[in-house]
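Heads up, the thing below is written out as structure tokens.
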Protein chains: 2
Amino acid sequence: MTHIVIRVVNIFFNHCVTCYTEEGAIDSSIRDISKATGLSIATISRYINDSGYVSSESAEVIKKAIKELDYVPNENARAVFKNSSNLIGIVVSSLSNPFFAEMTMHLEEKAQERGYGVILFTTNDDIDKEREAIRLLKGYRVKGIITTRTQLKSEMSKLKTPIVSFETEVNDKIITVAADNFKGGQLALKHLLERGCKKILHIRGPKSFEAAELRYLGFKDEAKRQNVNFDIVQFDSDFHVAYNLEENIGDKDITEYDGIFVFNDIAAVLILRYLLKRGVNIPKETKVIGFDNSYIGGLSYPSLTTIEQSVDGIASKCINLLLDLVEGKNIKEKRFYDPVKLIQREST
Amino acid sequence: MTHIVIRVVNIFFNHCVTCYTEEGAIDSSIRDISKATGLSIATISRYINDSGYVSSESAEVIKKAIKELDYVPNENARAVFKNSSNLIGIVVSSLSNPFFAEMTMHLEEKAQERGYGVILFTTNDDIDKEREAIRLLKGYRVKGIITTRTQLKSEMSKLKTPIVSFETEVNDKIITVAADNFKGGQLALKHLLERGCKKILHIRGPKSFEAAELRYLGFKDEAKRQNVNFDIVQFDSDFHVAYNLEENIGDKDITEYDGIFVFNDIAAVLILRYLLKRGVNIPKETKVIGFDNSYIGGLSYPSLTTIEQSVDGIASKCINLLLDLVEGKNIKEKRFYDPVKLIQREST
DNA sequence: TTGTACGCGTTATCAT
DNA sequence: ATGATAACGCGTACAA
């Protein structure tokens, strides 16, 4: 009888993790590993960080104990010690915009590949939320921050944390990564002309959206060069306002145009829908071109011709630049414009 | 002359933050505030955490110093002390799926409202990435975790951290929040019948996608009850595979059906495009209904009829339940099924 | 190769 | 009302 009991206990201690931990909800620490193995804390630390000699026998024992106790190093303690966490902050306006959703996803993937975690903040372009996000990121002592369409130019300038800004040019010191929006605007106009459009409209984004402004400027520049005119309808939001807009778009009848360049894909799909609903044949009567090449352009019918900015490439560039900064590299170049290209689909 | 110099110096010390901090890249700590104010660390701590007496004069001085030194409490140190960070972990398969993008956004917003930050991991349904995500979240001592479509049932069961699982039922102990998918499937069938459909098809999601299976089961259940038959085409992915699928969908000619229920919106929009491209008149010849009510359904033409699961409501429920768990509340109910409802649009 | 002792920024306890 | 100090878990000199 006694024998049996003893055996049970042994099985417990050899194979069952919970017997050590289930009484308290507290995670095991490096000290627990030390006690369990009979080795010193320093040795365990060296093993974990691969930062010094530890005999292969000890290594075996430690490895086993870590598994048994389900030990994971406390990143917070590490961060306190180093005065810097292993996290980077991503501040993004909204994940409802598929481009930003994809962007965020890629950023997270790349960061993970390079061994960093990601703290996410969405701001809905609310400046107070953005301010709060920055404050908290400071609190977490993140290694770096990636912002998109930031509205906090002055606060950003004061920050000591490395920053890479997507789309917005904060100041001369802070690195900006963006698609070559100006060039994209030019391409869009050229394409519409090539497709034979005569009466051209540009759906222009909100003024605070710098990238959209550059697209507009490129479009205008090329129009001047080609000596053609175009009308403009201004959107106040890239998404939310537009979404409920079933009745009228601006003060113009947009069905009268035969070529429309829209400042981004989501708005473009909306325009597509607007025109189709009014019986306009696309691309026969009206040709529509967007900007982004986000996946929704491939889902609509007709599918959307667009100017591609490579999310993947841009995300990589952002992360790589940021982590180079983090690692102390001095980067002279402060502006990176990712090439754009025309993706022709069914809408032109 | 001297006077002027002195004044300049004073202005510096009164108003310029950088003069204190620009020499070192190290953030100011509670000790710096202590030194700057001449008060003890303990007093500063009490002020910050509102956890004890501090005279109104001291409070004033501290407040000013915090602003001047741009002090933000070190969350990592707090986390070490409390053995728990102020973060929650969100593990999501992909932000390319607009439903998850919206879900993530809402989760982040709600978490922020309740004073928590968010660490994001995307897994692309890769089980190893998910495992790694969980490991790291343990390392950060997050307060709680929200998973979606988890594939790590056994690992989750071992975890001591509070978990709320979206869609997947992990075990009897772990709370699951999901839309009432079964009911949604029933509603979809009823609706197609009401709209007069005779030859019905179901596009079924990947088997590992539990929620989609429930939608299918509900659909089947209602069909049996109504004594109607339907065919099935199975998708292996909810998005990526389908995305490139321009040629054939399954082994059936789906243009022959007059009513199609698709397991989610993104796949439904794809089906819509497929049919439209082949000249099918929607909804006249074929009616299509999706599931999710994600925003893309409102962008397509014709817009998509769908079964709504309220992202907002579900996100709230997830966060609230999780934080209740975190705060030690004992929640007996382990399954929460959010009501679904039909959103009729143009595709039926 | 291993162990001891200290510092990181907080918070909490206890004394003043 | 305020201050001194121990403790949290980790990493690293430095001593053994």
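So you know, we letter chains A, B, ... as the sequences are listed, proteins then strands, and number each from 1.
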(message) Let's go through A:Glu113 and A:Lys110 carefully: what are the C-alpha distance in whole Å and the side-chain angles of both, what is the deciding distance for salt bridge (charged side-chain N to carboxylate O under 4.0 Å, His left out) to 0.1 Å, and is it a yes or a no?
(response) CA-CA 5 Å; A:Glu113 278 168 23; A:Lys110 312 283 177 195; 5.2 Å; no
(request) May I ask you to evaluate whether B:Ser40 reaches the phosphate of D:dA4, defined as a side-chain N or O under 4.0 Å from OP1 or OP2? (result) no
(message) Any N or O donor-acceptor pair under 3.5 Å from the base of C:dG9 to the side chain of A:Arg141?
(response) no
(request) Check whether any side-chain N or O of B:Asn49 sits under 4.0 Å from OP1 or OP2 of C:dT11, and answer yes or no. (result) yes
(request) Calculate the interatomic distance between B:Asn74 atom CG and D:dC10 atom C1'; express it in whole Å. (result) 14 Å
(request) Using atom CD1 of A:Ile44 as one end and atom C1' of C:dG3 as the other, report the distance to the nearest whole Å. (result) 12 Å
(request) May I ask you to say what A:Val80 touches in the nucleic acid, namely base, sugar-phosphate or nothing, with a heavy-atom cut-off under 4.0 Å? (result) base
(request) Report the nucleotide, chosen from C:dG3, C:dT10, D:dA4, that has the shortest atom-to-atom distance to any side-chain atom of B:Ala77. (result) C:dT10
(message) Please confirm whether the shortest side-chain N or O distance from A:Ser55 to OP1 or OP2 of C:dT2 is below 4.0 Å.
(response) yes
(request) Before accepting this row, confirm whether a basic side-chain N of the pair B:Arg131/B:Glu155 lies closer than 4.0 Å to the acidic partner's carboxylate O. (result) yes
(request) Please examine the side chains of A:Met105 and B:Ser94, heavy atoms only from C-beta on, and report whether any two atoms are closer than 4.5 Å. (result) yes
(message) Check this one for me: any side-chain N or O of A:Thr43 less than 4.0 Å away from OP1 or OP2 of C:dG3?
(response) yes
(request) Report the distance from atom CG of B:Leu39 to atom P of D:dT2, rounded to the nearest whole Å. (result) 7 Å
(request) Starting from P on C:dA5, measure out to CZ on A:Phe81 and report it in whole angstrom. (result) 17 Å
(request) Using whole Å, report how far CD1 of B:Ile48 lies from C1' of C:dT10. (result) 9 Å
(request) Name the residue closer to the 5' end of DNA chain D, choosing between B:Tyr53 and A:Ile30 according to the nucleotide with the nearest heavy atom. (result) B:Tyr53
(message) Can you see if the side chain of A:Ser29 gets near the phosphate of D:dC8 - specifically, an N or O under 4.0 Å from OP1 or OP2?
(response) no
(request) Nearest whole angstrom, please: distance from the P of D:dG3 to the CD1 of B:Ile41. (result) 11 Å
(message) So A:Ser45, base contact, sugar-phosphate only, or nothing? Heavy-atom distance under 4.0 Å.
(response) base
(request) With DNA chain C as reference, determine whether B:Tyr71 or B:Arg46 sits nearer its 5' end, using the nearest nucleotide of each. (result) B:Tyr71
(message) Measuring to OP1 and OP2 of D:dG9, would you say a side-chain N or O of A:Arg78 lies under 4.0 angstrom away?
(response) no
(message) Rounded to whole Å, how long is the line connecting atom CZ of A:Arg31 with atom C1' of C:dA5?
(response) 11 Å
(message) Rounding to an integer number of Å, can you tell me how far B:Ile33 CD1 sits from D:dG3 P?
(response) 14 Å
(message) Under 4.0 Å, heavy atoms only, any strand: does A:Gly139 hit a base, just the sugar-phosphate, or nothing?
(response) nothing
(request) For the pair A:Glu210 and A:Lys153, find out whether any cationic side-chain nitrogen is under 4.0 Å from an anionic carboxylate oxygen. (result) yes
(request) Answer whether the closest heavy-atom distance between the side chains of B:Phe121 and B:Glu132 falls below 4.5 Å. (result) no
Tell me which donor-acceptor pairs under 3.5 Å the side chains of residues 320-328 of chain A have, and how far apart each pair is, sequence neighbours excluded?
unit_1	atom_1	unit_2	atom_2	d
A:Asn320	OD1	A:Arg114	NH1	3.0
A:Asn320	ND2	A:Ser316	O	3.2

